[in-house]
Amino acid sequence: MTRAIRPRTTPKTGVRDDPASAYDMTASDEGIEQRTLACIVDNEPGVLARVVGLFSGRGYNIESLTVAEIDRNAHQSRITIVTSGTNHVLEQIEQQLLRLVPVAKVIDVTNSSGGIERELALVKVAGKGDARVESLRISEIFRAHVIDTTNESFIFEVTGASQKIDQFVELMRPLGLVEVSRTGVLSIQRGKEKAG
Amino acid sequence: MDGNSKMETQAPKQGLGDQQLTGAEIVLRALADQGVDTIFGYPGGAVLPIYDAIYAQQQVRHILVRHEQGAGHMAEGYARATGKCGVALATSGPGATNMVTPLADALMDSIPMVVFTGQVPTHLIGSDAFQEADTVGITRSCTKHNYLVRDVNDLARTIHEAFYVATHGRPGPVLVDIPKNVQFAKGNYVGPEAIEHRTYHPRTEPQDKRIEEALALMAGAQRPIIYSGGGVINSGPEASQALRALAKATGWPVTSTLMGLGAFPASSPQWLGMVGMHGSFESNNAMHDCDVMLCVGARFDDRVTGRLDAFSPGSKKIHIDIDPSSINKNVRADIPVVADCGKALKALVNGWSKKVGKSPDIKPWWKQIDEWRARKGFAYPNSKKLIKPQYAIERLYELTKDRDTYITTEVGQHQMWAAQFYHFQEPNRWMTSGGLGTMGYGLPAAIGVQAAFPKALVIDIAGDASVQMTMQEMSCAIQHDLPVKIFILNNEWMGMVRQWQQLLHGERYSHSYSDALPDFVKLAEAYGCHGIRCEDPANLDAAIMEMIDTPKPVLFDCRVEKAENCFPMIPSGAAHNEMILGKITGEEIGEAGKMLV
Ligand SMILES: Cc1ncc(C[n+]2csc(CCOP(=O)(O)OP(=O)(O)O)c2C)c(N)n1
């Protein structure tokens, strides 16, 4: 995933010519940036559908999405969404998410805003001879673990920023890449404070 | 994932703890405890246990409709007129899908409403059972929130939570889907006391700092304007009072959106009339030229702003809204104030009298506004031969203004003429479908208002096309003795469509003529209502009086000039100061404008 993070700007005049709608946005548009949002939600039926429906209904991008319960007693889940848009659209996304009744908090956990992002991937590579040795050697450089092996294959577990995983996958491709499974991005704010 | 509802409740106070009620009884008990006196509904297999519970009690009145869409709009009309939460009930499958339009309508116009739908029993969900529909899935994007109740012991809490969510923060429709086996099952009832939502606590108090900033900006304004919206009505009568107090203290001109009419009295010399596409010439020009705009409870909708990049280019904007997502959505606010409109307005009134005291000299601004006013943007050539639709509304207004009157509308030209020529003095007297623009809204909405205020004069200002969308509810009005007056401006056209085709589509009148119209007088009689037809301006007053004096539902077929257009008009894609007053040729509208709706 490529990052095109631009500084967030606030227009000075009351007039804005960028539309509230995200539908006509193209990736080449000026000022498109990526943002990672963590939504703390009540873990109730349909909450994920609400969040996803909001994105599709209003034409927002989802580049990656992960969800799991984080506090059983409090019935809370955390949904991490990587999205992109102009600053205006990104502000709207946060506010629209907060309009959903079961969404308690939305935290900006983008890398550039002090978030630390990780992704985990399982990568299956099949091969023999030199290619097999080479894949193992590269996996060490990436601090990937071998979690399953046969005479002709490995499954690597690799974690890191999304670009690192992209690179790992690209290096494995000529060495017999069979299949990739990725979790999508997780992110959390650096430092000792609880965010939000 | 866990299916429990998220209310924190205390043990019920009056020893109800052990009392086991069926799910259906719980619904009725919860409605009574929520203070609901009227619900609008239609039965079917999946709600029969609830109809049994309705049968067994007297507290909650049930109004039987003729189509579930009618029930939804009635609940909306009831809610808008009373300020309370409207309630509707429908069966599963087609009953629920018929309810989708009113839900979307209520979501757009922020109307508090709780809708109950029956669902097939839980063990059949997902099996394509008879009259099964994924109601929570279908209505997810047209409700503020919705629930499928799987366990009877969650039912009471869920219903109370539904009322809480519908009425707190920005109001909206909430749907509760109840499988039939849950309606039969016995479970515990809990009351609404001490119930609070775990996470949903919208902010209502304005931040002091924001109020200070707003006052500082207001203090220097030389060309100010107050732009108020439906949020002021939703916030309750106190908000309208505060708006009036602020206008009085500042001497500022006031305009409002379609949804906000009545919050500020139209009789005030400070009233500029409605803003927007068919608003007044003076309000649109004042919005364009102002230096400080105080937007309260409005959302810079495209019908209001016209071309966004030319919208009020020289002004600083204060935006008060209870929904943070409304702020900075279409127009950047210089001072955002997230708060209940009434509370924020009161804070501004207090701050103004304490800090600002004397208002800056805005006499030159008023002089400019008076010049715009003198252009008389709503003037129209009257006729002795034909009833002009504008004249019909003017007469209707004159003959009903001193009565206890409520006005609803359908959607089209008649709706705009009603907004222009019927002058509202008080909030909650005007119900119209603004955001969704739903033809067929007005007739059932009028029935809902009449159910709340049986003695009032409730008039649906209708178009001949719109009224046929929910016409069957005349039967409901007769059954329940709800003497609504349906005042049809009959131009034999889908007038607003015809106007756009004339102006934007080369006069190609494709399918906009209401051919084969029924004889509305005979139709009225068939329903057991009173029918009146009037085609002569000389007889109009007498005919309107006959309508008012008839103690039962009336269908009034007011034959008006067929080709009249609605002016003034900001053509699509144009700016406020490009408003067209009398005649429009279509040349004014650019290619980009034609793309817009
Ligand atoms: C349910 C629905 N369908 C279509 C439209 C599009 N539409 C807007 S106004 C209009 C014509 C309304 O005609 P009529 O009720 O006769 O009112 P008039 O404009 O003549 O006053 C139509 C078809 C709508 N608003 N709602």
Side-chain angles (χ1 to χ4, degrees), chain A residues 9-22 24 39-58 60 67-77 79 86-106 196, chain B residues 1-6 134 136-137 140-150 161-162 164-166 168-170 172 174 197-202 291-293 299-300 302 305 307-319 323-335 338:
Chain A
T9 53
T10 310
K12 288 199 185 59
T13 61
V15 185
R16 53 192 330 159
D17 44 16
D18 51 334
S21 169
D24 282 346
C39 311
I40 311 300
V41 302
D42 290 345
N43 184 7
E44 59 180 40
V47 63
L48 184 60
R50 274 179 223 290
V51 169
V52 173
L54 170 77
F55 275 73
S56 66
R58 292 186 186 263
Y60 305 146
V67 56
E69 189 168 63
I70 51 163
D71 186 335
R72 183 155 290 252
N73 291 332
H75 295 289
Q76 283 194 326
S77 294
I79 302 176
T86 60
N87 187 56
H88 178 202
V89 167
L90 291 168
E91 266 178 32
Q92 263 298 302
I93 292 175
E94 284 187 41
Q95 295 305 330
Q96 292 293 347
L97 281 167
L98 285 167
R99 257 181 100 184
L100 298 178
V101 170
V103 173
K105 261 194 278 193
V106 178
Chain B
M1 293 205 178
D2 187 291
N4 288 336
S5 176
K6 292 299 184 291
D134 173 10
V136 289
R140 197 170 280 131
S141 62
C142 60
T143 52
K144 179 172 175 188
H145 198 49
N146 62 14
Y147 303 88
L148 171 64
V149 183
R150 293 142 197 253
E161 183 176 316
Y164 173 92
V165 170
H168 284 70
R170 179 173 176 178
V174 178
H197 196 276
R198 224 163 54 96
T199 46
Y200 186 66
H201 299 288
D291 66 348
V292 173
M293 180 185 295
R299 58 185 175 88
F300 295 96
D302 55 66
T305 61
R307 203 173 97 206
L308 256 193
D309 60 1
F311 174 72
S312 195
S315 66
K316 295 258 189 218
K317 296 166 188 79
I318 304 162
H319 189 176
D323 174 2
S325 78
S326 284
I327 296 176
N328 289 337
K329 181 172 65 180
N330 299 338
V331 170
R332 166 72 56 181
D334 298 278
I335 302 176
V338 176

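Chain naming here is simple, since letters A, B, ... match the order of the sequence lines and numbering starts at 1 in each.
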To check you understand the geometry: which heavy-atom pair defines the closest contact between [X] and [Y], and what is its length?
X        : Y        : result
A:Gln92  : B:Ile327 : NE2-O, 4.2 Å
A:Ala49  : B:Arg140 : CB-NH1, 3.2 Å
B:Thr199 : A:Asp42  : OG1-OD2, 2.8 Å
B:Asn328 : A:His88  : O-NE2, 2.9 Å

Point to revise | Distance in Å, A:Glu44 CD paired with B:His145 NE2, rounded so as to fall on 0.5 Å steps | key: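 Here the interatomic distance stands at 4.0 Å.
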**Study point:** Pairwise distance NZ(B:Lys329) to CD(A:Glu91) - rounded to 0.5 angstrom
**Key:**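 Reported value, rounded in 0.5 Å steps: 13.5 Å.
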**Study point:** Those residues that, when tested against B:Ser325, pass side-chain hydrogen bond (donor to acceptor under 3.5 Å, both in side chains) (two or more places apart)
**Key:**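 For B:Ser325, the residues satisfying side-chain hydrogen bond (donor to acceptor under 3.5 Å, both in side chains) (neighbours in sequence not counted) are B:Asp323.
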Exercise for review: Verify, without hydrogens or angle tests, whether A:Arg99 (side chain) and B:Arg170 (backbone) share a donor-acceptor contact under 3.5 angstrom.
Suggested key: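 No, A:Arg99 side chain to B:Arg170 backbone: no donor-acceptor pair under 3.5 Å.
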**Study point:** Which residues share a ring-ring contact (aromatic ring centres under 6.0 Å, His included) with A:Phe55, sequence neighbours left out
**Key:**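 A:Phe55: ring-ring contact (aromatic ring centres under 6.0 Å, His included) contacts with A:Tyr60.
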Point to revise | Side-chain touch B:Ser326/A:Gln95, heavy atoms, less than 4.5 angstrom | key: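 A side-chain contact under 4.5 Å is absent here.
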